[in-house]
Amino acid sequence: MSDAAIVYLVLAAVVVLFIWNKFPVEVVAVGSALVLAATNVLTLDQALAGFGDSTVLFIAALFVVSEGIDSTGVTTWAGQQLIERAGGSRTRLIVLMMLLVALLTAVISVNGAVAALLPMVVVVALRMGRAPSQLLMPLAFGAHAGSLLALTGTPVHILVSDAAVQAGESGFSYFEFGLVGVPVLVGAIAIVVFLGSRLLPERKAESIPPDLSDHARTLIDQYSLADWVARLEVRAGSPLIGKTLSSLDLSPYPSMALVGAQGERGVALDDQSPIGEGFVITVKGESEDIYRFAAGSDLERKPGHTGGKLIDRRIGVVEVVVPPRSEMIGVPVFPGMITE
């Protein structure tokens, strides 16, 4: 079998595996290179040369940047700004969203920008009561138009520029593609704004996940956290010093329940950890019981109840579901701990 036939067979297999989507793309990519080396179409050095190529490393770094942008909360902040500035205007929303994805694409490429902004756009659509398809397709159009704004807009630009340099020509400057990209982006935005409502599909999922942005306030209302949570600091002469959370007797305070406790540097305590000076115990209950417990145990009430916030730097509340195989099944909870 000729080398060309082997290459076409490997290429066809790669396409099938990508469509099948049962193996990670990294495994398929590396496997295809190793197959070409095993069949002597490429030498081993040629098959592995891409891992040390500066262009390949640069493209890989763009995905690291996109993940960093998402992990640091930049996309969440961008979504909040997008909703505030768009108001109820569809035109303003489309223009701002397409400009945002275009600028981000110019920096970190199409795949990275779309992957980072896709969850944000779905949430924006749900919050504004619009079909996700009315925003997701413009997101894709804006991303591909934005890929023509700069050299880093797509890996193809980098490969072409690198090939030009290897051929003895001068490479493309960073914003040279923008001569074509800016008119394309403006045209794409204009088409979506003026014709999008008639051309874009109106598709909604059969079961759209609820908007959980106000779930924290719902939990506050259900658990009455805004009025009944207190943070009590253990003072030097407290009789609780040396005791464990599991040994605390809260029976004299019928309305009170233990939410949790924090040790040094805010580290959460388990039920067998001894209580020390400066530790903070968080309790829930009626004010009268909380004050009696604090006075009888020489505890100082710390400022900063929830005040409408479920999580801050001092206190956090999490609602979880215990799955069937959880290791927590059968484990006793703290005496008096909230178990709703």
Side-chain angles (χ1 to χ4, degrees), residues 18 55 58-59 61-63 65-70 74-164 171-205 208:
F18 280 162
T55 302
F58 180 73
I59 295 172
L62 295 178
F63 288 93
V65 174
S66 66
E67 179 62 26
I69 290 175
D70 184 55
V74 173
T75 54
T76 301
W77 172 84
Q80 295 171 348
Q81 297 298 314
L82 186 63
I83 293 176
E84 290 179 4
R85 285 165 171 71
S89 172
R90 171 190 173 275
T91 299
R92 195 180 304 127
L93 175 63
I94 292 293
V95 172
L96 292 176
M97 183 195 67
M98 294 185 69
L99 286 176
L100 174 62
V101 70
L103 293 176
L104 190 60
T105 298
V107 178
I108 63 174
S109 79
V110 174
N111 294 337
V114 172
L117 296 181
L118 185 61
M120 179 208 77
V121 172
V122 173
V123 171
V124 169
L126 294 176
R127 290 188 181 181
M128 301 190 71
R130 298 186 178 276
S133 60
Q134 290 281 319
L135 295 182
L136 291 178
M137 292 190 72
L139 176 74
F141 297 153
H144 283 280
S147 68
L148 298 174
L149 295 178
L151 181 64
T152 52
T154 172
V156 176
H157 294 170
I158 302 171
L159 295 174
V160 170
S161 180
D162 188 57
F172 296 100
S173 62
Y174 190 78
F175 292 108
E176 191 169 353
F177 288 95
L179 297 174
V180 176
V182 171
V184 171
L185 176 60
V186 173
I189 294 177
I191 292 174
V192 173
V193 168
F194 293 108
L195 302 177
S197 58
R198 286 175 288 179
L199 297 178
L200 293 174
E202 185 78 17
R203 297 174 182 169
K204 293 184 179 181
I208 299 179

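The structure presented is a predicted model; accordingly, all values stated were derived computationally and were not measured.
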Practice problem: For I83, enumerate each residue passing the side chain to side chain contact (heavy atoms under 4.5 Å, CB included) test, keeping only those at least two apart in sequence or located in another chain. | Solution: V124, R127
Quiz item: Taking all non-hydrogen atoms of both residues, which atom of A125 and which atom of P132 are closest, and how far apart?
Solution: CB-CA, 3.9 Å
Quiz item: Would L82 and M120 count as a side chain to side chain contact (heavy atoms under 4.5 Å, CB included) if you check the C-alpha gap in whole Å, the side-chain angles of each, and the deciding distance to 0.1 Å?
Solution: CA-CA 10 Å; L82 186 63; M120 179 208 77; 4.0 Å; yes
Quiz item: Roughly how far, to the nearest 0.5 Å, is the CG atom of L149 from the OG1 atom of T105?
Solution: 8.5 Å
Quiz item: Residues two or more places apart in sequence or in another chain: which of them pass side chain to side chain contact (heavy atoms under 4.5 Å, CB included) with F194?
Solution: A190
Practice problem: Applying side chain to side chain contact (heavy atoms under 4.5 Å, CB included), name anything that partners I108, two or more places apart in sequence or on another chain. | Solution: V65, S66, I69, L104, A113
Self-check item: Worked check of side chain to side chain contact (heavy atoms under 4.5 Å, CB included) between L148 and L185
Solution: CA-CA 8 Å; L148 298 174; L185 176 60; over 6 Å; no
Quiz item: Quick one: side chain to side chain contact (heavy atoms under 4.5 Å, CB included) partners of F18, sequence neighbours excluded?
Solution: V14, V25, V28
Quiz item: Which residues satisfy the side-chain hydrogen bond (donor to acceptor under 3.5 Å, both in side chains) test with S161, sequence neighbours excluded?
Solution: none
Cut-off 3.5 Å, no hydrogens considered: what does the side-chain donor-acceptor table look like for residues 92-101, sequence neighbours left out?
residue	atom	partner	partner atom	Å
R92	NH1	A86	O	2.9

Quiz item: So which heavy atom on M128 is nearest to which on G87, and how close?
Solution: CE-O, 2.8 Å
Exercise. Heavy atoms only: give me the nearest S133-P138 pair and the separation to one decimal.
Key: O-CD, 4.0 Å
Quiz item: What is the minimum heavy-atom distance between L151 and S173, and which atoms define it?
Solution: CB-O, 4.3 Å
Practice problem: Tell me, please, which residues at least two apart from H157 pass ring pair (Phe, Tyr, Trp, His ring centres under 6.0 Å). | Solution: F177
Quiz item: Do any pairs count as a side-chain hydrogen bond (donor to acceptor under 3.5 Å, both in side chains) and have a residue in residues 142-152, sequence neighbours left out, and if so which ones?
Solution: T152-Y174
